[in-house]
Amino acid sequence: MHAFNLHTSDLDQITWKQHDFNSSLKANEVHIWLIEIAEAEDKKLNTSLLKTLNSAETERMLRFKKQDDQRRFLYAHSALRLLCSKYLG
């Protein structure tokens, strides 16, 4: 097993590429995903993403006081669900 530390300051050192969902994880391979969150509020997108959360996740999201924190939670959890569904089928 190999371990390494990745700090947010290291993110600009990484060459990021578009990943297609048609590929799967190979042995000894790790995919690291970076989700960009738009600064502007996109109500249509947020409404769509809210449908991916279950009631416990929605309640947890609403406990955040700042809208930016709520949006980060929404995007992160929705992305995780999408990625899991793509990898696991």
Counterpart residues, side chain to side chain contact (heavy atoms under 4.5 Å, CB included), relative to Asn46 (two or more places apart): Glu41, Arg71, Leu74, Tyr75
Under 4.5 Å between side-chain heavy atoms, counting indirect links through other Ile/Leu/Val/Met/Phe/Trp/Tyr residues: same cluster for Leu49 and Leu62 or not? yes
Where does the angle between the aromatic ring planes of Phe73 and Phe64 fall among parallel (under 30°), tilted (30 to 60°) and perpendicular (over 60°)? tilted
From Ile35 atom CD1 to Leu83 atom CG, the distance as rounded to the nearest 0.5 Å: 6.0 Å
Lys65 vs Asp69, side-chain contact (heavy atoms from CB on, under 4.5 Å): CA-CA, chis, key distance, verdict: CA-CA 7 Å; Lys65 302 295 183 207; Asp69 294 334; over 6 Å; no
How would you list, by chain and number, every residue that makes a side chain to side chain donor-acceptor pair (under 3.5 Å) with Arg81, sequence neighbours excluded? Glu57
Where is the tightest heavy-atom contact between His77 and Leu53, given as atom of each residue plus distance? CB-CD2, 3.7 Å
What residues form a side chain to side chain donor-acceptor pair (under 3.5 Å) with Thr52, not counting sequence neighbours? Ser78
Residues forming a side chain to side chain contact (heavy atoms under 4.5 Å, CB included) with Leu88, sequence neighbours excluded: Cys84
Going by side chain to side chain contact (heavy atoms under 4.5 Å, CB included), name the residues that satisfy it together with Ser48, two or more places apart in sequence or in a different chain. none
